[in-house]
Asks: 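Here you go, one structure.
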Amino acid sequence: MRIDVVRKSLLTDNERAAAMNRALLNEAGVMAINVLGGAGCGKTTLLEGIIPRLSREFSVAVLEGDIATTRDAERIASLGVPVVQLLTDGACHLSATLVYHGLDRLELDALDLLFIENVGNPICPANFDLGEHGRLAVLSVTEGDDKPYKYPYLFKTANRVVISKLDLLPHCDFDLDRAMAGIHALGPEKPIDRIVMNDPRSMEPLIAWLRDRARLAVPVS
Ligand code: MG
């Protein structure tokens, strides 16, 4: 009797596409940052805060992931940087293949820094390598301080974490120390930014970190 066996291949389709994306980005000298976090945590607003500062020095572009609409891409386009909207048509995360098609629409050789804003979701996107060099996780104080404990993979795989909407802290049941302890339990050295969206000074350390990586093409760690 012959039994057919289907094994998971050593490299899945997503991993293959991610490796291809990384090779394309490396060849063009583009630093790519995957921005992840739940719906409404402030990913697009954060990009609106940091891109005008970074685009004075660097050539910046954005791949904007969403399930539907071009709303976020329109917000980014108004900053005057190239943007491609990636629509997943219902899927809860970006895939490396979709990112590959997005990269195809950009002039990579002319770029220094690429942000890939993932679909608003604290769960699935963290499981998919897109070929990025670094990950930025965003957590807003309106979401609750238990999220690093409930969605550890998002925070564990992030190189840096932004806690956003700090100005709303007095109105939220959010223990900053508890949230930060949860993040640091997953990575004791992980930098955490506490950001107020309309306070540019709160974004300084994050901008400096991104600037160093874009300028020196230092691998993100
Ligand atoms: Mg968004």
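Note that ligands are numbered from 1 as they come in the structure, with each ligand's atoms numbered from 1 the same way.
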Asks: Can you name the N/O/S atom of Glu117 that is nearest the Mg ion (ligand 1)?
Replies: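 Nearest N/O/S atom: OE2.
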
Asks: Under the 6.0 Å and 45° cation-pi test, does Arg178 pair with Tyr149?
Replies: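 The answer is yes, since Arg178 meets both limits relative to Tyr149.
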
Asks: In terms of side-chain geometry, is the basic nitrogen of Glu15 or Arg22 positioned less than 4.0 Å from the acidic oxygen of its partner?
Replies: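 No, this pair does not count.
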
Asks: Do you see an N/O/S atom of Asp66, backbone or side chain, under 2.8 Å from the Mg ion (ligand 1)?
Replies: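 Checking Asp66: none of its N, O or S atoms is under 2.8 Å.
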
Asks: Of the options Ile33, Asn34, Leu103, which is the one that meets Leu114 in a side chain to side chain contact (heavy atoms under 4.5 Å, CB included)?
Replies: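 Exactly one candidate clears the test, Leu103.
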
Asks: Looking at the Mg ion (ligand 1), is there an N, O or S atom belonging to Asp72 that lies under 2.8 Å away from it?
Replies: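 Given the 2.8 Å cut-off, Asp72 counts as a ligand of the Mg ion (ligand 1).
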
Asks: N/O/S atom of Thr45 under 2.8 Å from the Mg ion (ligand 1), yes or no?
Replies: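 Here the distance criterion (N, O or S atom, under 2.8 Å) is not met by Thr45, so no.
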
Asks: Between Glu64 and Arg75 (salt bridge meaning N to carboxylate O under 4.0 Å), is one present in this structure?
Replies: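 No salt bridge links Glu64 with Arg75.
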
